[in-house]
Amino acid sequence: MSKFKTKKGKGSPAINTSSLPDIIFMLLFFFMVTTVMREVTLRVKMKLPQATEVQKLEKKSLVSYIYIGPPTNVAKFGTESRIQLNDQFARVEDVPEFVAREREARNEADRNFITTSLKVNKDTKMGVVTDVKQELRKAGAFRINYSTLKGKAKK
Amino acid sequence: MARRASPEINAGSMADIAFLLLIFFLVTTTMDVDTGITRRLPPPVDQPDDVKIKERNVLNVLVNKNDRLMVDGKPGDLATLKDVAKRFMTPVVPDDPSRPETEMKTIDLLGDIPTSKGVISLKNDRGTSYDMYINVQNELARAFNELKDEMSQNYFGVKFDQLIDEDKIDAINDAVPVRVSEAEPESIGDK
């Protein structure tokens, strides 16, 4: 009777996976292109304030960052807000040198367009921020950006 | 003699290799866009208080170490700061001695328009929290942005941030200059 019935049964046929690498490669390239490696290790706690009127920071290559906040390692460095330049803590007096070095690292044509992004913890007191701003003024880095998250400001 | 066909390379593990790389980049990638409030610091001056600005042209905003506001000599509130700042910066056409001076400016694309000579002077204590400072800056920025939006809506029919033409953006920026001056810091006591 069942002359034409095959032994194989009704199992679904295997899915062709030969295009899987292509799909994965596509994703891979997407992430490779968009990825930005984190350059510094944060040594201060970062809880940015929120604001509504924010602008995007353009030309990331022309931005240098200054981090200010309470140290992550409380046992060793206390809770007073500290300044972090590149990978280490610094004093206010070190800011002009930092600015000069950042400027040195850029093209001559771009040097006047360097923006300094101040990433400051929201609980920091303005005293240290004011000091840094004064140093930036003296060093001639006039374009600054107060880094904030986009969101509803409280109060 | 028939050339022997080279055996096909097994591409089955290609996907695995790609996956490995993919996961690496997935983990290391950070997609955050930096946003913030952009300001321009004034160049350093040797002798502050050199420039005298008429008192009617200045709106004093002070923030003390308890994060309380003082606007124009009276205790202020963050909720009303935007409206006060906006009213202050709106040019008044028949000159009113209780409001800041107005000057006529000729700007390309806009023609002769009145612009306010008002300056908002922001002063903070060393003990002011950064959060409060940003909130105040944000409210002031909001006042200016609303003025720009209105101006842009009047002349070009679209909001300021929807303008594409650089010349139009420059024209509005000329008509509504963002004048937030930060006073020279004074040290009063310590912290």
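In what follows, chains are A, B, ... by sequence order, proteins preceding strands, each numbered from 1.
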side-chain hydrogen bond (donor to acceptor under 3.5 Å, both in side chains) against Glu97(A), all qualifying residues, sequence neighbours excluded: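 Testing Glu97(A) for side-chain hydrogen bond (donor to acceptor under 3.5 Å, both in side chains), a comparison that skips the adjacent residues, returns Arg101(A).
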
Heavy-atom distances under 4.5 Å only: say whether Leu48(A) touches chain B with side chain, backbone, both or neither.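 Nothing of Leu48(A), per the 4.5 Å heavy-atom cut-off to chain B.
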
Winner by heavy-atom pair count (cut-off under 4.5 Å) against chain B, out of [options]:
{"options": "Leu20(A), Ile68(A), Ile144(A)", "answer": "Ile144(A)"}
{"options": "Val120(A), Thr124(A), Val54(A)", "answer": "Val120(A)"}
{"options": "Leu136(A), Asp131(A), Asp22(A)", "answer": "Asp131(A)"}

Ring centroid separation for Tyr146(A) and Tyr133(B), is it under 6.0 angstrom?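 Yes; Tyr133(B) has its ring centre under 6.0 Å from that of Tyr146(A).
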
Counting distance only, does the side-chain N/O of Asn107(A) pair as donor-acceptor with the main-chain N or O of Ala109(A) below 3.5 Å?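 Not a single qualifying donor-acceptor pair exists.
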
Honestly, is Arg40(B) close enough over Phe142(A), meaning NZ or CZ under 6.0 Å from the six-membered ring centre and within 45° of the axis?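 No; the conditions do not both hold, so Arg40(B) does not lie above the ring face of Phe142(A).
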
Count the heavy atoms of every other residue, nucleotide or ligand shown that sit under 6.0 Å from CD of Glu93(A), and state whether that count exceeds 12.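 Counting other residues, nucleotides and ligands, CD of Glu93(A) exceeds 12 neighbours.
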
Pair Lys125(A) + Asp125(B): basic N to acidic O under 4.0 Å: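 Salt bridge flag = no for Asp125(B) with Lys125(A).
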
Are Arg91(A) and Asp94(A) close enough for a salt bridge, meaning some N to O gap below 4.0 Å?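 Answer for the salt bridge query: yes.
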
Are the side chains of Val61(B) and Leu69(B) in contact, using a 4.5 Å heavy-atom criterion?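 Side-chain contact under 4.5 Å: yes.
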
Largest heavy-atom contact set with chain A, pairs under 4.5 Å, which of Thr35(B), Thr128(B), Val63(B), Asp161(B):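 Among the listed options, the one with the most contacts to chain A is Thr35(B).
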
Taking Leu22(B), Ile134(B), Leu41(B) one by one, which has the highest count of heavy-atom pairs under 4.5 Å against chain A?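 Among Leu22(B), Ile134(B), Leu41(B), the one with the most close pairs to chain A is Leu41(B).
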
Hey, which residues of residues 140-157 of chain B are touching chain A, say heavy atoms under 4.5 Å apart?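 At a heavy-atom separation under 4.5 Å, chain A is reached by Ala141(B), Arg142(B), Asn145(B).
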
